[in-house]
Number of protein chains: 2
Amino acid sequence: MKPVNLKRLAEELNLSVATVSRALNDRYDISQPTKDRVRELASKLNYEPNPYASGLRRQKSKTIGVVIPEVANHFFSLAINGIEEVARANNYHVLIYLTHEDYEREVSVARLLASGRVEGIMISVASGSQDYSHLDSLQEKGIPLVFFDRVHEGIATANVTTNDYESSFEATRHLLDSGCRSVAHLNLSKSLSIGKRRLQGYVDALQASGIPFDEELVVHAQANKVQDIETIQELLLKRPDIDGFFASVESLAMCCYEACRNLHLSIPNDIKVIGFSNLETASLLDPPLTTVTQPAYAIGKEAAQILFRAITKNVPIAASQSVELKSELIVRGSTGASVDVVVAKIR
Amino acid sequence: MKPVNLKRLAEELNLSVATVSRALNDRYDISQPTKDRVRELASKLNYEPNPYASGLRRQKSKTIGVVIPEVANHFFSLAINGIEEVARANNYHVLIYLTHEDYEREVSVARLLASGRVEGIMISVASGSQDYSHLDSLQEKGIPLVFFDRVHEGIATANVTTNDYESSFEATRHLLDSGCRSVAHLNLSKSLSIGKRRLQGYVDALQASGIPFDEELVVHAQANKVQDIETIQELLLKRPDIDGFFASVESLAMCCYEACRNLHLSIPNDIKVIGFSNLETASLLDPPLTTVTQPAYAIGKEAAQILFRAITKNVPIAASQSVELKSELIVRGSTGASVDVVVAKIR
DNA sequence: TTGTAAGCGTTATCAA
DNA sequence: TTGATAACGCTTACAA
């Protein structure tokens, strides 16, 4: 089966390859009748231009890369939705890379992306990362980079984040307002941008309420469910005064639920829980989880739009294009007073 | 800043481009000292081969495409995890495309992928698809295709599925065994492979128990949460005899929860619910959801392995390579007898 | 062991 | 308005 390429079209039409190419690209210097002939045959033969050839020639891959820690996570999958939406609107393709929170993986992905395979990158850094020279060198190669949610401040480019500090401050205050006196904070990593900011919001809210900060009440998680549940249980046994948990990521809020269940502690009677989360089922949990919900889809979309503005205008991204979106505190049963409601039944 | 390519390396080393290329590819006909010199400079300059150039020359893109309806869904995101894992092990890149259950989108994605951008495709078809000629033409172009979960039987290639029929049969029987007499079935689409099989399992289980099949109890959903909840509520009001729901996809199980809550119906006292689901939080719901859980990660991994076997050996994929994995029925509170448990508290 | 040159499929420059 | 030709960066016969 002969391949369908420009040469083939040109031969069958008795035209030059150049003319066919220009006709398909709708250039002004080709006559309408010729364009029509070319297009007709092209669609008849299902011609599709070879992206590797045109990519090589034009130095454009029409592809962006997305680097995230995990995809089995509502926050990131919603963000991907937003990114894909914008990419498609721009006729771009999306390569996806998962770091699984692992520094080594992030470094190797960065190396892969340094080759011109993508015209731009959107990244949310791994919790295991401490050194960022692999990202610096992408920046140096002139590949536009946008950070979202988990950023690396050391690079002058746009960051799309949420108001983590304020949200954490509010979330903590909400726990205190709900009667908690001994609130533990579950953190993913101190070295992560969001880790720092969310911890700081917690610390400052305690201080604002005149409650001393207690280092022992801050748990740094492993991002391993079984281990993290274990850690939380140990803390609960060691510190029976704990009456509230503020989880800085969704998975840790779920670990709290499991830990409390294992220890037969009631949420919210014994322990109140609040967590950053994009769980669709938050309101269906037992009890419904009070959440700080980030606009994940909007974050992905916004970040992608910034990236594509840079790609299409061919200008570098300035740090001043950074955007901070607002998260929302949604109060539900896990921080409420527990009430038994008797409801009217329809049958 | 001069670009770092083979020419640049060759010039600085006083070697030919060909020699440098062969040295970097570790060919046997290059001397060790030369290889060392080349590699040293390459790594010093951070040389990365241009994938578009080598792809064009070798006719290999080192990329696969994944086409799925949604990513904000545990089943698909876990499958992606499995796919990405295998792709990375093979040094391949993963392009991702979301159809949002829309036929038109699937067609346009198929056209994009017909161009040689990918060496193989993994797809789970959209519920809106009825015609599959867009996929047939990919097959005709010689692009290896593997279907997972939602397949298109019309194409002779491998399908990676689960034992949908048996699972549905069992799930339905479990509801009947739990005392249900009027079980409704929530289906995504009759035209979908999984839709048909899951419906059939339900129908046959009813029959096996001597319960007549009632067309009115089968709901074909819109994949739109608000609408689907509305539809379920209307059905519940119209048919007060309904005492069980079998949801063929996760989102519909959640819609049942919402609908029952809106109507003040208790699960499992008034209505029992079972659903296909990969929700991590199934056990934390109120009540915990009885699920048919598919081995989503294994499905993605298995499907990718089949694809890569075909790509590396350069042989077409035979239908005989199809694999059927087993789903698991996990019984939880949503189909149980409701019991109020008083637990010992640790404090 | 290394170099020369052709070619992958496309686009851009220049000439006709 | 069209055609011939070079070039994108790489790999691979074939020559030396």
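Chain letters run A, B, ... following the sequence lines, proteins first, then strands; residues in each count from 1. This one's a predicted model, so the numbers in the text were calculated from it and none came from an experiment.
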- Between atom CG in B:Asp36 and atom P in C:dT2, what is the gap in whole Å? 11 Å
- Query: Taking OP1 and OP2 of D:dT1, is either one under 4.0 Å from a side-chain nitrogen or oxygen of A:Thr34?
  - Reply: no
- Query: At under 4.0 Å, does any side-chain N or O of A:Gln59 touch on OP1 or OP2 of D:dG9?
  - Reply: yes
- Task: Using whole Å, report how far CG of B:Asp26 lies from P of C:dT2.
- Result: 13 Å
- Query: Any side-chain N or O of B:Ser31 less than 4.0 Å from the OP1 or OP2 oxygen of C:dT1?
  - Reply: no
- Item | Phosphate OP1/OP2 of D:dG3: any A:Ser16 side-chain N/O under 4.0 Å | yes
- Message: Taking only side-chain N and O atoms of B:Ser54, does any of them lie within less than 4.0 angstrom of OP1 or OP2 on D:dG9?
- Response: no
- Query: Which value, rounded to the nearest 0.5 Å, describes the distance between B:Arg37 atom CZ and B:Leu15 atom CG?
  - Reply: 5.0 Å
- Query: In whole angstrom, what separates A:Arg22's CZ from C:dC14's P?
  - Reply: 13 Å
- Task: Examine D:dC10: is either OP1 or OP2 under 4.0 Å from a nitrogen or oxygen in the side chain of B:Tyr47? Give yes or no.
- Result: yes
- Message: The side chain of A:Thr19 is closest to which nucleotide in this list: C:dT11, D:dG9, D:dG3?
- Response: D:dG3
- Message: So, OP1 or OP2 of D:dT11: does either fall under 4.0 Å of a side-chain N or O from B:Tyr52?
- Response: no
- Message: Can you tell me if B:Arg27 touches the phosphate of D:dT12, counting only side-chain N or O atoms and a distance under 4.0 Å to OP1 or OP2?
- Response: yes
- Note on the structure: Separation of D:dT2 atom P from A:Leu13 atom CG, nearest Å, is 12 Å
- Whole angstrom value for the distance that separates P of C:dT11 from CG of A:Asn25: 5 Å
- Message: Quick check for you: among D:dC14, C:dA12, D:dC10, whose closest atom lies nearest to any side-chain atom of B:Asn50?
- Response: D:dC10
- Please state how far atom CG in B:Asn14 lies from atom P in C:dG3, giving the value in whole angstrom units. 9 Å
- Result for 5'-nearest mapping on DNA chain D, choosing between A:Leu15 and B:Ala53, is A:Leu15
- Message: Let's test your reading of the model: under 3.5 Å, does the base of C:dT11 pair with the side chain of A:Arg57 as donor and acceptor?
- Response: yes
- The side chain of A:Ile30 lies closest to which of these nucleotides: D:dT2, C:dA12, C:dT10? D:dT2
- Where do A:Glu70 and A:Phe76 come nearest, in terms of heavy atoms and distance? O-CB, 3.3 Å
- Message: Taking the six-membered ring for Trp, are B:His93 and A:His93 closer than 6.0 Å centroid to centroid?
- Response: no
- Message: Using only atom types and a distance under 3.5 Å, with no angle test, would you say the side chain of B:Glu101 pairs donor to acceptor with the backbone of B:Gly128?
- Response: no
- Quick one: CD on A:Glu104 to OG on A:Ser129, what's the gap to the nearest 0.5 Å? 9.5 Å
- Output the single nucleotide from D:dT1, C:dC8, C:dT2 whose closest atom is nearest the side chain of A:Asp29. D:dT1
- Mapping B:Val20 and B:Leu56 onto DNA chain C by nearest heavy atom, which one lands closer to the 5' end? B:Val20
- Using whole Å, report how far CG of B:Leu24 lies from C1' of D:dT12. 15 Å
- Query: Once you round to the nearest 0.5 Å, how far does OH of A:Tyr47 lie from CG of A:Leu24?
  - Reply: 6.0 Å
- Query: Rounded to whole angstroms, how far apart are NZ on A:Lys60 and C1' on C:dG9?
  - Reply: 19 Å
- Task: May I ask you to evaluate whether B:Ser21 reaches the phosphate of D:dT12, defined as a side-chain N or O under 4.0 Å from OP1 or OP2?
- Result: no
